[in-house]
**Student:** 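Encoded as structure tokens, here's the structure I'll be asking about.
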2 protein chains.
Amino acid sequence: MMQKPRIKDVAARAGVGVSTVSVVLNNVEGARVSPETRERILSAARALGYTSNPIARSLRTRRTQTIGFVGDDIATTPFAGRMIQGAQDAAWQAGYLLFLVNTGGEHALERHAVRALLDRRVDGVIYATMYHRHVEIPEMLGDVSTVVLDACPTNGSVPYVVPDERGGAAAAVGELLRAGHRRIGFATESLEVPAASGRLAGYHETLAAARIPADPELVVAEHGDTTGGYRAATRLFDLGERPTAIFCYNDRMAMGCYRAAAERGLRIPYDLSVVGYDDQDLIAPELSPALTTVALPHYEMGTWAVRRLLELIRDDPEQSAQGHLMPCPLVRRDSVGPPPR
Amino acid sequence: MMQKPRIKDVAARAGVGVSTVSVVLNNVEGARVSPETRERILSAARALGYTSNPIARSLRTRRTQTIGFVGDDIATTPFAGRMIQGAQDAAWQAGYLLFLVNTGGEHALERHAVRALLDRRVDGVIYATMYHRHVEIPEMLGDVSTVVLDACPTNGSVPYVVPDERGGAAAAVGELLRAGHRRIGFATESLEVPAASGRLAGYHETLAAARIPADPELVVAEHGDTTGGYRAATRLFDLGERPTAIFCYNDRMAMGCYRAAAERGLRIPYDLSVVGYDDQDLIAPELSPALTTVALPHYEMGTWAVRRLLELIRDDPEQSAQGHLMPCPLVRRDSVGPPPR
DNA sequence: CTGAAAGCGCTAACAC
DNA sequence: GTGTTAGCGCTTTCAG
């Protein structure tokens, strides 16, 4: 392995000064270089297999073409990977590389991580959480362009992107409405998280828009897992007049709902329609019948975040904060049918 | 936000030369600095909030304290996150940061990615695939310390780590043997992948060690998904003398196996024992009864890979290649019982 | 239009 | 023991 060529080598080979090489290779705007000199330089560079050393460049320009991605937990959720990939792809496309650091949600580690990233002179950072919630971002981030991914910052004023839970819920309920349902239950998550309140709001709004009076009985809260879904569905089934369709807070609850329905001999989608949320790989398509659900736009949020970040980096640093709602598309499968007569 | 202090500022404040500061801050070995000078420097640095600029340092030392992680697909499998996290954690612990790049398996992109990482002067790279297989690593990687993660390199001679499929299968079958089973089916994956052959070998060896004659009928190959598992189980049930236990190539197949068993009225673990492989979050613990299975050591492989890489980086660059088999632990749950009488 | 030279912030010889 | 200095490879004035 021979030594990497330096700019000086290219200059020597082309018989010009290093600055001219620099100008040519960087396509500097207002620089006039004779076409033939330019060509000579270009071919010299090519012949040598020259690529500039980003480290040296960074030292001079104070920009590293890197961005830091700090996340609280990249491992446990399958969603995390998609966000990271979205971010990575967008960064790569723009010629940036991503530093990934995982904090496990520990505050101390997080501070350390941000510090390490700033030391490394990243041009910006993506601060991500692995599910939609409120977060306080480290104040050190005030020193660098930042965008928050899948969370609402409670301090500072930085752009952020979260799923449009409300719109997703509206799409889900709308689908049920279109199928003819009028009595639609909502099996919600009992935790107070933005996703839950957003989805509940979407549920209510959509029903109201269809002039269907709200029936508090139809909204039941349980844990957001299979068991919770089972419980919620059971409670709904035990109502005087049971709903003909259930919108579940997530696919795991929908799974529990399926089980409860099976036990009662309720066939989906004939006797009961159900729609979930999250579009989880190993659940939604695998259930039988396959579950109609709403997908979380993790990949898209990841790309949005770094695109926005790059804008911040390149344009004036003082932009007004803004939250972006990323649409959650409905994924139609086989768990919705007309209500039984 | 005021300008970051430079080493010169620290030197000035402490009333010493920059080299002394450098020596003190880097804890250089054979350097004798008077304790009081050292203390003065340290407190000056603290007072200024000085942290050295890694970019400048790298330019000089030719080491960047970064490692590149190229993976073919970080998003679609939940396992990927664990490997990345393992790698990230180990790197972080050692003071290294991880550049993450995703190639989507595209060869051209991969070359680009490696090139970009080398340009950035990473100290080493982890070349990872998202499931155990054979790969040809880009030859450019010959120029830098490399370790291969979750794959066997077919060219070059670099360290690599893969799951001990054979040992995992042996553990699974051993568990069944201990429960008293003698007629154990293996629902395998029909694709020729290292995981499949490794697990098959483990199955055979363990049976042989227990002096149980091999019965070719008991090994059935199907697609490695739910449907495949269903088919395989069905074929096994239709045998003259049906097995009392089934070892499935993976949890998805085990899921299909559960369904097939349910349809026949076979209760797990009373009429049939089953063990899976992979320990997938949304499957193994959620099935009822919860599935006894074998876990894939992704996190551990990730940490192993970067630890090994760091050895390569710090020690003599020419080490003999070697593959490491990471043990796959058995995860006991409720799907194994004694054979029916 | 092109080249010389001054740093970017740091480390490591090498003087003192 | 401690300070001076020469680069690391590149960009960017500023002369020519």
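Each chain gets a letter, A, B and so on, in the order the sequences are listed, and its residues count up from 1.
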**Student:** Which pairs with one or both residues in residues 51-67 of chain A pass salt bridge (Lys or Arg N to Asp or Glu O under 4.0 Å), sequence neighbours excluded?
**Tutor:**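 Counting only pairs at least two positions apart or across chains, no salt bridge (Lys or Arg N to Asp or Glu O under 4.0 Å) contact touches residues 51-67 of chain A.
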**Student:** Give the residues of residues 10-17 of chain B touching DNA chain D, defined as any heavy atom closer than 4.0 Å, sorted by residue number.
**Tutor:**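 The answer is B:G15, B:V16, B:G17.
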**Student:** Between B:K4 and A:D119 (salt bridge meaning N to carboxylate O under 4.0 Å), is one present in this structure?
**Tutor:**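 Judged by the 4.0 Å cut-off on N to carboxylate O distance, B:K4 and A:D119 do form a salt bridge.
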**Student:** Pairs under 3.5 angstrom only: tabulate donor-acceptor contacts from the side chains of residues 13-23 of chain A to other protein residues two or more places apart or in another chain.
**Tutor:**
residue, atom, partner, partner atom, Å
A:S22, OG, A:N26, ND2, 3.3

**Student:** Using the test side chain to side chain contact (heavy atoms under 4.5 Å, CB included), find all partners of B:L118 that sit at least two apart in sequence or belong to another chain.
**Tutor:**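 B:L118 satisfies side chain to side chain contact (heavy atoms under 4.5 Å, CB included) with B:V114, B:M140, B:V144 only.
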**Student:** With sequence neighbours left out, write down each residue that passes salt bridge (charged side-chain N to carboxylate O under 4.0 Å, His left out) with A:D9, or none if nothing qualifies.
**Tutor:**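 Only A:R6 meet the salt bridge (charged side-chain N to carboxylate O under 4.0 Å, His left out) criterion with A:D9.
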**Student:** Separation of B:D9 atom CG from C:dC8 atom C1', in whole Å?
**Tutor:**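 These atoms are roughly 14 Å apart.
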**Student:** Just to verify, what does B:E139 make a salt bridge (charged side-chain N to carboxylate O under 4.0 Å, His left out) with, not counting sequence neighbours?
**Tutor:**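 B:E139 satisfies salt bridge (charged side-chain N to carboxylate O under 4.0 Å, His left out) with no residue once adjacent residues are dropped.
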**Student:** To the nearest 10 degrees, what angle separates the axes at the start and end of the helix from C:dC1-D:dG16 to C:dC16-D:dG1, five pairs each?
**Tutor:**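 For the helix from C:dC1-D:dG16 to C:dC16-D:dG1, the axes at either end differ by 50°.
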**Student:** Determine which pairs satisfy side chain to side chain donor-acceptor pair (under 3.5 Å) with at least one residue from residues 102-113 of chain A, sequence neighbours left out, and list them in order.
**Tutor:**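 Pairs touching residues 102-113 of chain A that pass the test: A:N102-B:Q85, A:E110-A:Y127.
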**Student:** Checking B:W92 now: which residues fulfil ring-ring contact (aromatic ring centres under 6.0 Å, His included) with it, not counting sequence neighbours?
**Tutor:**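 B:W92 satisfies ring-ring contact (aromatic ring centres under 6.0 Å, His included) with no residue once adjacent residues are dropped.
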**Student:** Pick base, sugar-phosphate or nothing for B:T37, based on heavy-atom distances below 4.0 Å to the nucleic acid.
**Tutor:**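 If one applies the 4.0 Å heavy-atom cut-off, B:T37 turns out to touch the sugar-phosphate alone, with no base involved.
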**Student:** Just checking B:S34: base, sugar-phosphate only, or nothing, at a heavy-atom cut-off of under 4.0 Å?
**Tutor:**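 B:S34: backbone/sugar contact only, no base atoms under 4.0 Å.
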**Student:** In chain order, what residues pass the salt bridge (charged side-chain N to carboxylate O under 4.0 Å, His left out) check against B:D72, with sequence neighbours excluded?
**Tutor:**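 So B:D72 forms a salt bridge (charged side-chain N to carboxylate O under 4.0 Å, His left out) with B:R133.
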**Student:** Who passes salt bridge (charged side-chain N to carboxylate O under 4.0 Å, His left out) against B:D164, sequence neighbours left out?
**Tutor:**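 Once residues adjacent in sequence are excluded, B:D164 has no partner under the salt bridge (charged side-chain N to carboxylate O under 4.0 Å, His left out) criterion.
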**Student:** Expressed as a whole number of angstroms, how long is the span from A:R63:CZ to D:dT12:C1'?
**Tutor:**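 Going from CZ in A:R63 over to C1' in D:dT12 covers 16 Å.
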**Student:** Do the two ring centres, one from B:F99 and one from A:F99, sit under 6.0 Å apart?
**Tutor:**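 Yes; A:F99 has its ring centre under 6.0 Å from that of B:F99.
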**Student:** May I have the distance from B:R120 (atom CZ) to D:dC10 (atom P), rounded to whole angstrom?
**Tutor:**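 Rounding to the nearest Å, CZ of B:R120 and P of D:dC10 are 14 Å apart.
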**Student:** Enumerate the protein-to-nucleotides 9-11 of chain C contacts in which both atoms are nitrogen or oxygen and the separation is below 3.5 Å.
**Tutor:**
residue, atom, partner, partner atom, Å
C:dG9, OP1, A:R62, NH2, 2.2
C:dG9, N2, B:A56, O, 3.3
C:dC10, OP1, B:Y50, OH, 2.4
C:dC10, OP1, B:N53, N, 3.1
C:dC10, OP2, B:I7, N, 2.4
C:dT11, OP1, B:N26, ND2, 3.2
C:dT11, OP1, B:R57, NH1, 2.5
C:dT11, OP2, B:S22, OG, 3.0
C:dT11, O2, B:R60, NH1, 2.4

**Student:** Give the rounded distance in Å between these two atoms: CD of A:E36 and P of C:dC1.
**Tutor:**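 After rounding, the reported distance stands at 11 Å.
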